[in-house]
2 protein chains.
Amino acid sequence: MDIKKQLTQHGYKLTKPRQLIIDVLQDNHDRLLSVESLYEALDRAIDLSTVYRNLEVLDACGLIYRVQSGDKSLFKLICQTDHHHHLICLQCGSTQVIDYCPLPELGQIARQHDFEVAAHTLEVFGYCRDCRTRP
Amino acid sequence: MDIKKQLTQHGYKLTKPRQLIIDVLQDNHDRLLSVESLYEALDRAIDLSTVYRNLEVLDACGLIYRVQSGDKSLFKLICQTDHHHHLICLQCGSTQVIDYCPLPELGQIARQHDFEVAAHTLEVFGYCRDCRTRP
DNA sequence: TTTGGTGCAAAGCGTTTGCACCCGC
DNA sequence: GCGGGTGCAAACGCTTTGCACCAAA
C-alpha cells in the first residue's frame, strides 16, 4: 500500500501506533468507524489523543473520508481518489460506493440561482441486504 | 403563524423567552443560524441553556431544519413541510430552496445494490450572488 | 393551581493541548 | 542526533442537567 509513501511525502513518519491505526482502518476499508469504535478495535492500547492526532494526520494527507451521521463523526480510508457518494447502512455501518453524482443537475440549478457551487454532500442512509435479511 | 398551535398541540407553552427565540428565527427564516449567532441576536438576554432547550422543543415539534456544516450545527425554521434541499452560502449563511431532489435516481441505484433507503442528505455549499459581487 | 419553563451553576462529554520523554529516519 | 510522535493529564468548548424559583394556561 502506498499509504506510507503518502505519509513520508507529507513529512510524517510511520510509527508503531500509527501503523496499528492504519491496520484497523484497512481492515474496515468498506465500513465507517467512529473514533470510539476505532479506539475499541485497538483494545484501547493506544492513547485516545494519539488516535485523534493520527486522524488529523491522515486527513491532512487526504487519506480519510469523513461523514457526519446524526451527532457523531464517522470516517474511513479513501480507496478511490475521485469524488463519489455512498450508501451507508444505519445498522452495521457498511458502505457501498455509488457512481452517481448529482453535480451536473446541481450545476444547472445553481446557474439558475446565480450561485457558485464550491462543494456538495450527498449521503444515503438506509439498510443493506444483510441487515434486512438477518433475523 | 401556527407555530403556537404546533407548540400547544405538543403540550408546550408559549413563554416570553420562547417567543423571542421564535421571533429571531422567523426574522432569519431564509438563513441558517448557529446557536452562537442566535444567542447573540437575542443580545444574550436569554440563558444559553434555555436556547438549547428551546431548539430541542422546536425540533420535537418538527419546526426546525438542521444542517451540519463542518464542525458546527446550523438550523432554521422549516417553512415548507415537504422535503427539499438547499443552496447554502458559505459566506453569509443565506439559503435558497431548490426543487431538485435526487431521490428517483437514488431509488434506482439503491435497488441495484439491494439497499433500502431510509433517508438522504444533499447540501450544496458555495457563494451567493451578493457575496460574490460584494467588494 | 398545576405543570412546564427559566436562570444559574455545575457536570458531561468528545476533542484538543502542553509537556516531558521516546523513537523513526 | 534531530524532529516528529507518544502517553499522560489537564484544559477546552459546546451541550446537557439538577435545582429552586417563576409563570403560562
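Per chain, numbering begins at 1; letters A, B, ... match sequence-line order. Please read all numbers here as calculations on a predicted model, not as lab measurements.
- Atom CG of A/L48 is separated from atom C1' of C/dC13 by 12 Å (rounded to the nearest Å).
- Remark: B/T50 is not in phosphate contact with C/dG5, judged by side-chain N or O atoms under 4.0 Å from OP1 or OP2.
- Each of B/L14 and A/K16 has a nearest nucleotide on DNA chain D; the 5'-most of these lies closest to A/K16.
- Put simply, OH on A/Y39 is 14 Å from P on D/dT6, counting in whole angstrom units.
- C/dG7 atom P lies 8 Å from atom CZ of B/R53, rounded to whole Å.
- Taking 4.0 angstrom as the limit, B/R18 places a side-chain polar atom (N or O) nearer than this to OP1 or OP2 of C/dT6.
- Checking side-chain atoms of B/D59 against main-chain N and O of B/L55 turns up no donor-acceptor pair under 3.5 Å.
- With sequence neighbours excluded, the residues forming a side-chain contact (heavy atoms from CB on, under 4.5 Å) with A/P102 are A/H85, A/Y100, A/L106, A/H120, A/L122, B/Y100, B/L122, listed by chain and number.
- Comparing B/G11 and B/D47 by the nucleotide of DNA chain C whose heavy atom lies nearest to each, the residue mapping closer to the 5' end is B/G11.
- With DNA chain D read from its 5' end, the first of the two nearest nucleotides for B/T8 and A/N54 is the one closest to A/N54.
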>> Please determine whether side-chain hydrogen bond (donor to acceptor under 3.5 Å, both in side chains) holds for the pair B/D23 and B/Q19, giving the CA-CA distance in whole Å, both sets of side-chain angles, and the decisive distance to 0.1 Å.
In response: CA-CA 6 Å; B/D23 288 347; B/Q19 182 64 65; 3.0 Å; yes
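- If you take CZ of B/R44 and C1' of C/dG7, they are 16 Å apart, rounded to a whole angstrom.
- Rounded to whole Å, atom P of C/dG5 lies 9 Å from atom CG of B/L7.
- In this structure, the CD1 atom of B/I21 is 10 Å from the C1' atom of C/dT6, given to the nearest Å.
- For the pair B/K13 and D/dA23, the criterion of a side-chain N or O lying under 4.0 Å from OP1 or OP2 is not met.
- Within the 4.0 Å cut-off from OP1 or OP2 of D/dT6, not a single side-chain nitrogen or oxygen of A/S49 is found.
- For the pair B/R66 and B/E123, the salt-bridge criterion is not met [side-chain N within less than 4.0 Å of a carboxylate O].
- Protein atom NE2 of A/H10 is 18 Å distant from nucleotide atom C1' of C/dC25, rounded to whole Å.
- Put simply, CD on A/E56 is 6 Å from P on C/dT16, counting in whole angstrom units.
- A perpendicular orientation is assigned to the rings of A/H86 and A/H84, their planes being inclined by more than 60° (bins at 30° and 60°).
- The side chain of A/T15 lies closest to D/dG5, out of D/dG7, C/dG5, D/dG5.
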